[in-house]
Amino acid sequence: MSAAERAYAPVAAPRRPALRSVQARASRAPRAPFVVLVLLVLGIGLIGLLVLNTALQQGAFELGELQSTTDELRDRQTELADRVAARSAPDALADQAVRMGMVASEEPPTFLELPRSSSGDAGGAG
């Protein structure tokens with residue numbers, strides 16, 4: 001055989017082993033633990049949301065009560081400030097003084113003038 005014939009000669013394929021079918025195994029993981037896990041996570045999430053919602057509602061209720069108390073105290077403070085202002089007015093003070101027995105002076109007030117020292121001594125000795 002020549003080199004050309006050898007180059008184009010059919011080559012015998014290597015012998016393959018015969019194929020046979022294999023029985024399929026049940027390799028699927030059981031679904032029950034996964035379903036239980038998902039339900040557990042969902043249950044815990046719902047309970048957490050319920051607790052959070054309850055805490056927020058309680059905080060809102062307390063905030064409403066505190067705002068109501070603040071409004072009442074602000075009204076009381078305004079009322080008391082008005083009463084103090086009314087009692088501090090000059091007419092009210094004069095009426096109160098008369099009820100206590102004080103008498104208005106007929107003379108204008110007298111102011112004393114102290115002589116100033118020329119030397120600048122505060123004690124006056126010297």
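Quantities reported herein were computed from a predicted structural model and do not represent experimental measurements. The basis for the numbers below is simple: all heavy atoms, side chains too, and nothing from hydrogens, waters or symmetry mates. Count residues from 1 along the sequence.
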So how far is it from Gln67 CD to Arg74 CZ, rounded to the nearest 0.5 Å? 9.5 Å
Approximate separation, where rounding is to 0.5 Å, of Leu49 CG and Thr54 OG1: 10.5 Å
May I have all residue pairs that pass side chain to side chain donor-acceptor pair (under 3.5 Å) and include part of residues 76-86, sequence neighbours excluded? none
Is the shortest side-chain heavy-atom distance between Leu80 and Val84 below 4.5 Å? no
With a 6.0 Å cut-off (strictly less than), is the heavy-atom count around CD of Gln58, excluding the residue itself, greater than 12? no
Where is the tightest heavy-atom contact between Ala86 and Ala92, given as atom of each residue plus distance? O-CB, 3.3 Å
Is there a path of hydrophobic side-chain contacts, each under 4.5 Å between heavy atoms, that joins Ile44 and Val36? no
Can you list everything that forms a side chain to side chain contact (heavy atoms under 4.5 Å, CB included) with Arg99? Sequence neighbours excluded, please. Asp95, Gln96
Value rounded to 0.5 Å, distance of CD1 in Ile47 from CG in Leu42: 11.0 Å
Has Ser68 got a side-chain atom pairing as donor or acceptor with Gly64's backbone, closer than 3.5 angstrom? no
Would Leu39 and Val35 count as a side-chain contact (heavy atoms from CB on, under 4.5 Å) if you check the C-alpha gap in whole Å, the side-chain angles of each, and the deciding distance to 0.1 Å? CA-CA 6 Å; Leu39 290 176; Val35 171; 4.0 Å; yes
Inter-residue atom distance Asp75.CG - Thr70.OG1, 0.5 Å rounding: 11.0 Å
